[in-house]
Amino acid sequence: MAEDKKIEYDFAAHERPLFQAWKDAGYFQRSKGFGKHAGESYTIVIPPPNVTGVLHMGHALNDTIQDTCIRRARMRGFQTRWILGTDHAGIATQTKVDKHLAEQGINRREIGREAFIEACQEWRLQYGTTIVNQISMMGCSCDYEDEQFSMSEEFSQAVRKVFVDWYHDDLIYRGKRIVNWCPSCTTAIADDEAEYEDEKGHLWYLRYPLTEPVDGMDYIVVATTRPETMLGDTGVAVSPQDERYKHLIGKTVMLPIVNREIPIFADFYVDKEFGTGCVKVTPAHDPNDYAMGERHDLPRVNIFDETAHVVEGYGDLSGMDRDEAREAVVAKFEEMGLLDHIEDHDHSVMHCYRCHNKLEPWLSEQWFVAVDELKRRAAEVVEDGTIQFFPARWSQVYLDWIANLKDWCISRQLWWGHRIPMFYCDECGWQDASLEDIDTCPACGAKVRQDDDVLDTWFSSQLWPFATQKWAQLGNESPDLVKHYPTQVLSTARDIMGLWVARMVMSSLYCTHQIPFYHVLIHPTVMGADGKPMSKSRGNGVDPVELMKNYGADGMRFGLLMQVTGAQAMRFDYQKIESSRNFANKIRNAARFVMMHLDGYTPGEPKLTTPADMCIFSRLATLIKDVDAAFETYDFGEITRSLYPFFWNEFCDWYIEFSKSRLSADNDPEDRLNCQRNLVFILDQSIRLLHPIMPFVTEEIYQQLPCEKDSPYLIGAVWPDAEDFEKYCNTSAERSIELVCQVISAIRSSRARYGISPKTPLDVVVKANDADVELLNSEKALVESIGAARLSAAADASKPAESSAVLSAGVEVYVCLSGLVDFEAERARLSKERAKVDADVAKLTKKLSNKGFLAKAAPEIIEKDRGKLADLTDRLARIDEQLENL
RNA sequence: GGUCGAUUGGCGCAGCGGGAGCGCAGGUGCCUUACAAGCACAAGGUCGGGGGUUCAAAUCCCUCAUCGACCACCA
C-alpha cells in the first residue's frame, strides 16, 4: 500500500511557473527598496561562470549563497541588484574549441584567426545559454535582462581603457623574460596558473671536462634533473663557501656535444650540500638560472622552439621533442664516458592548469603588469578592515598572496580573448597603446600592425565588478556605480583568491578609487562523497541538474547550505540533500494541514491565549534573532540549524499537535479562530524566514495562504523584523510548555516500554509543585487528547499501585498499568536510572564542596549547581521510594 | 621547507571554558484522517594520544600522531 503512495514529485512542474511569475513581475530587476533600508543598495556580482561548461556543484553552492543573500536583502527593503554574466575564459575555451574542431578534422591554423574566433563565439553562445538556464533552474534571482559577458562590446571598452591607461601610467611594460610556457597550448601562462605535480624522476650526474686540467682533475660533475637542457648551458656555478671548488672559479669547462667553452663561477644560490655542489646553468630554460645569468652576464641560449622541440643547429638532436632529446643526450654522454651515474630523485614539475602538459620555462617577449604600487594599496584595505573576509582567517591568506606577488605576465599567445591594443610601425619604430584601432603610423604614415597576442582572461575578469556597470562609458560618475558600488559581498571558493579576488581589489582601487566589495565570503570547496575533489576520472562528481530533478531546487539549496561550515572543504552528502527534500515536503504538508482547517477563518491579528501560543511565538522571536545573527557572519550552516528544528520539531511536532483539538468543529468558535490565526501567522513568518533558502515551496504556500499580504509575491514580501517580535519573548510560557511536553513524553515512554497501544486510554497521576499542578490542570485537555490519558495532577498525589513512574526534575508521572507491568523489568530500569543519578549526585557534591570552586566560580553558576544538586538528591530519594514500592 | 585547517556516537558533521548535540544509518512499536519523503519511543560517545593552565577543559596553551589544503621549491 505504501508503495502506491510513492509518486515521484514533479519539482520542475511546480518550480518553473513560479520562476516565470517572478520574472514577469519584474522581481529579478533592481528592486526599489522600502522601509528603513530603502535608501541603501545591496549589490552582488556573480562570479561569472566560464562559457566552457555546465553548472557544477561549486556553482550550485556559490549561487545558492548569493541568491540567499540577495533575496533576504530584497525582503529587508534594500535596493538590490544581482549582476549576472559569463566569462569568455580565454585559454579554457580555446582549448575546448580546438578539441571540438579537431574532432571534425579541422585545424585552427588552417581556418585562420577570424574563422576560429567565430567558432568560439558559436560555442560560447551555446554554453553561455546553457549555464544561464541552469542558474535559473536554481531559482537564482539575478537580473536576466541585463546579462553581462566579459567580451561584450561594452566590457571590451573597459578592458581596452585599462590597458591603455596603465600603459601610459607605466604600469604595463613589455619585456623578454622567462615565462611558464605551455608547449601544447603554445602560450605563456601566469605563475598562478601553473600547477606543481610530484613526479618520480632521476638525477643525472654528468661530467663536464675542464678546458685545462687543474691539479690532475680532468672534469667536474654536475647533477641535473633535465640533462637535455645542457645544450643551452652557458656556465657552471658553485657555492662561494665551497672549499672543494674554490680553485676552479674563473676556469672554464668545454661543454660536451656543443663544444662551447663556458665559465665556472660562484653564486650564493648554489647549495653545496646538494648533488655535487656544481650546478649547470641554463639561463634560457630555468628561472633560477636566468637570475644567475643576469647576475653574471651569461648569454642565453634558447634550444627549444615553441612546441618544445630542439631548434636547428644541434645535428641529429634538432627536431626531437624534449623527452626524445633527453634520452639522446644521456646516450651521447654514456658513449663519451661522461655519464658519471644516475640517482632516483623525486621532484615536482610544473604543469599547465588547463591541458596538464608539462610546462617549459621559456624565454620570450611578453607584456607585464608592474604590481608594486597596486599591491601596496590592495593590502592596506584589508589590513585596516575596509574589506572584511568571512571566515576572517582568509584575510591572512590574501595578504600573504599579495606580499609574494611578482609582476604579472598578461600576454597570451591565443586567439580567443581581448587582443592587446598595442600598435607598432615597423617602418619608423613608432608604437603606442590606443583606444581606437590605428591603420597608419601617426609618425611616418606607414601601415601599422596590432599586437597579435591577447590578454590573460584574469586581466578582464579583474574589472568585473565595475566594468559591468558602465565604468568605461560613463566613468566613475556612472549612475550604476554611484548607486551600486562598492558591491556588498563577493562570494567565492578559495582557489581563486589570488587569481581573481586580489586582482579585483587592485584594479578597482586604481580605476575607481574605491574597493570593489565590502565583504569577501570564502565558502568551502565541495568535495565528492569520498572527500576528494570531484572529477570525471574519479567518477565522484554530482550533477546539480540531476539533483534538482530528484530533490527539487529547494532541497538542493537547503541541503547544500546545511553542509556549509567555516572549514576549507565540505564533503558532499546525499543524505543532507535528501533530508532537505523531506524538509520541503514537511513544510508543504504543514501548510496543507493549516489550510485544510481554515473553515470560517477571517483574517485578524494573532491573539495569544494559551501557553502553547505564547511559547511558539516566543520561540519564533528567538528564531528571528538567531537567523539574523547567523546571516551577519554568513554562517549558513547555523541558519539551517535554526530553521529546521524550529519548523519541524517545535512547530509541526508540538504546536500543530496542540492545535488539533482547538481546530475541531465542536470547539468554541472564538478559540478556534484564534488558533487558526496563530497558525497562519506562524506559518507566514516561517516561510518568510525560509524563503531566501527555499524560494519555491515557500512562494507556493504564500500564494495559497490567506495571510496578510504586503506583497503579491513572497519574493517581495517583508522580512520579519526582530525588534517587532521582541514583545513575544516569554520564557515562562516556554517552561510551561516544556513541562506539558515532558508529561506527554513520559506517558508515551511508558506506553512504548510496556507495549501498550496508543489507543488504549491510561490513567495518569502527576505529582508536582502547586504552580505546575495548576498549569497542568489548565492544560489538562491538551495532555489528555495527545497522551490518550485521563490526567489527575496534585501536589500531594501518591503513587498508585501497579504503575510505572517517570521522574524528572520536580515532576513525577505515574502511569497506571493495571497489571500489565513486568515488575522485574521496571525494577531493573529504575536501578539503572538510580546508578546514573547517584553518580551525578556524587560528582556535583564533590564540585560543591570544592573550596576553590566556591571561592572563584561565578555566583550564578554556583546557585545553578546547588539547585541542580537539590533536584538530583530529591529525585534519588523518589527513585528509592519507587524501588521500595515495587 | 613555510602557513593554515581537521581529528567528537556506525557514517557525515555542529558545539569551542561551566549540564555531550544534529542529520543519516541501525533497533522497537505505529498505515494516529497534514506528512511512511511520516509519527512515537529507546539505544549508542572516557570529544585522536600525552602534558599543562583553570575552582572548572570537547572547548585555552604546549607536544606527539594521523589526515588535508594552500604557498614556496634544490639544480
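Because only heavy atoms are used, hydrogens play no part in the values below, and waters and symmetry mates are left out as well, while side chains stay in. Each chain gets a letter, A, B and so on, in the order the sequences are listed, and its residues count up from 1.
The six-membered or imidazole ring of A:His285 lies away from that of A:Tyr290, with a centre-to-centre distance of 6.0 Å or more. Between A:Tyr574 and A:Phe572, the distance from one ring center to the other falls under 6.0 angstrom. For an aromatic pair to be called close, the ring centres must be under 6.0 Å apart, and A:Trp654 with A:Phe658 satisfies this.
Taking only side-chain nitrogens and oxygens, A:Lys660 comes nearer than 4.0 Å to OP1 or OP2 of B:A34. Using a 4.0 Å cut-off, some side-chain N or O of A:Ser749 falls inside it from OP1 or OP2 of B:A42. For the pair A:Ser745 and B:C41, the criterion of a side-chain N or O lying under 4.0 Å from OP1 or OP2 is met.
Atom-to-atom, CG of A:Leu848 to P of B:A56 comes out at 14 Å; the value is rounded to the nearest Å. At whole-Å resolution of the value, CZ in A:Arg662 and P in B:A34 are 17 Å apart. Whole-Å rounding puts the A:Glu657 CD to B:C30 P distance at 19 Å. Taking atom OH of residue A:Tyr644 and atom P of nucleotide B:C35, one finds them 18 Å apart after rounding to whole Å. Between A:Leu399 atom CG and B:G2 atom P there is a gap of 21 Å when expressed in whole angstrom units. Between the CZ atom of A:Arg588 and the P atom of B:G38 there is a distance of 13 Å, rounded to whole Å. Atom pair A:Asn649:CG and B:A40:C1' shows a separation of 13 Å (rounding to whole Å applied). Between the CG atom of A:Asp289 and the C1' atom of B:C73 there is a distance of 14 Å, rounded to whole Å.
One C1' atom belongs to B:A42, the other to B:U46, and the distance between them is 23 Å to the nearest Å. Spacing between B:A20 and B:C13 at atom C1', rounded to whole Å, works out to 14 Å. Across B:A43 and B:A25, the matching C1' atoms stand 14 Å from one another, rounded to whole Å. Look at the C1' atom in both B:G18 and B:U59: the space between them is 11 Å, to the nearest Å. Nucleotides B:A14 and B:U66 have their C1' atoms positioned 22 Å apart, rounded to a whole Å. Atom name P, nucleotides B:C60 and B:C16: the rounded distance is 10 Å, in whole Å. B:G10 and B:G49 are spaced 22 Å apart, taking the C1' atom of each and rounding to whole Å. B:A40 and B:G51: their P atoms are spaced 44 Å apart (whole Å).
Between the side chains of A:Tyr644 and A:Asn649, not a single donor N or O lies within less than 3.5 Å of an accepting N or O. A donor-acceptor contact closer than 3.5 angstrom is absent between the side chains of A:Ser642 and A:Asp626.
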Base, backbone or nothing for each nucleotide of nucleotides 7-21 of chain B, written B, S, -, heavy atoms under 4.0 angstrom, 5' to 3'?
-----BSS---BB--

Would you tabulate the side-chain donor-acceptor contacts of residues 554-565 of chain A under 3.5 Å, counting partners in other chains and residues two or more places apart, or write 'none'?
residue, atom, partner, partner atom, Å
A:Asp554, OD1, A:Phe696, N, 3.1
A:Asp554, OD2, A:Val697, N, 2.7
A:Arg557, NE, A:Ile693, O, 2.8
A:Arg557, NH1, A:Asp67, OD2, 2.9
A:Arg557, NH1, A:Met138, O, 2.8
A:Arg557, NH2, A:Asp67, OD2, 2.8
A:Arg557, NH2, A:Pro692, O, 2.9
A:Gln563, OE1, A:Asp573, N, 3.0
A:Gln563, NE2, A:Gly559, O, 2.9
A:Thr565, OG1, A:Ala567, N, 3.1

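Cation-pi geometry between A:Arg226 and A:Trp204 is not met at under 6.0 angstrom from the ring centre and within 45 degrees of the axis. Geometric assessment of A:Arg588 against the ring of A:Tyr9 yields a positive cation-pi assignment under the 6.0 Å and 45° thresholds.
Annotation: salt bridge (Lys or Arg N to Asp or Glu O under 4.0 Å) contacts of A:Arg322 (sequence neighbours excluded): A:Glu360. Residues passing the ring-ring contact (aromatic ring centres under 6.0 Å, His included) test with A:Tyr601: none are found, sequence neighbours excluded.
Salt bridge A:Arg735/A:Glu738: absent, no basic N to carboxylate O contact under 4.0 Å.
Looking at A:Phe853 and A:Ile861, their side chains come closer than 4.5 Å, going by heavy atoms from C-beta outward. Residues A:Leu643 and A:Val627 form a side-chain contact, since some pair of their non-hydrogen atoms from C-beta on lies under 4.5 Å apart.
In this pair, A:His296 and A:Phe265 present their aromatic rings tilted. The plane angle is within the 30 to 60° band.
With distances taken from any side-chain atom of A:Tyr269 to the nucleotides B:A75, B:G68, B:A34, the minimum falls on B:A75. Nearest to the side-chain atoms of A:Met596 among the listed nucleotides B:A75, B:A34, B:G68 stands B:A34. Picking from B:A75, B:C71, B:A37 the nucleotide with the shortest atom distance to the side chain of A:Asn582 gives B:A37.
Nearest-nucleotide mapping onto RNA chain B: of A:Asn850 and A:Ala746, the residue sitting toward the 5' end is A:Ala746. Each of A:Trp648 and A:Arg494 lies near RNA chain B, and the nucleotide nearest A:Trp648 is the one positioned closer to the 5' end.
Residue-level contact check: A:Ala223 touches the bases, meaning some heavy atom is under 4.0 Å from a base atom. When heavy atoms are screened at a 4.0 angstrom cut-off, A:Asp286 is found touching no nucleic acid atom at all. A:Asp495 comes within contact range of no nucleotide atom at all, as no heavy-atom separation falls under 4.0 Å.
Both key distances under 3.5 Å define a Watson-Crick or G-U pair, and stretches of 3 or more such consecutive pairs in RNA chain B run B:1-7 with B:65-71, B:10-13 with B:21-24, B:27-30 with B:38-41, B:48-52 with B:60-64.
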Check nucleotides 59-61 of chain B for protein N or O atoms closer than 3.5 Å to its own N or O atoms and list the pairs.
none

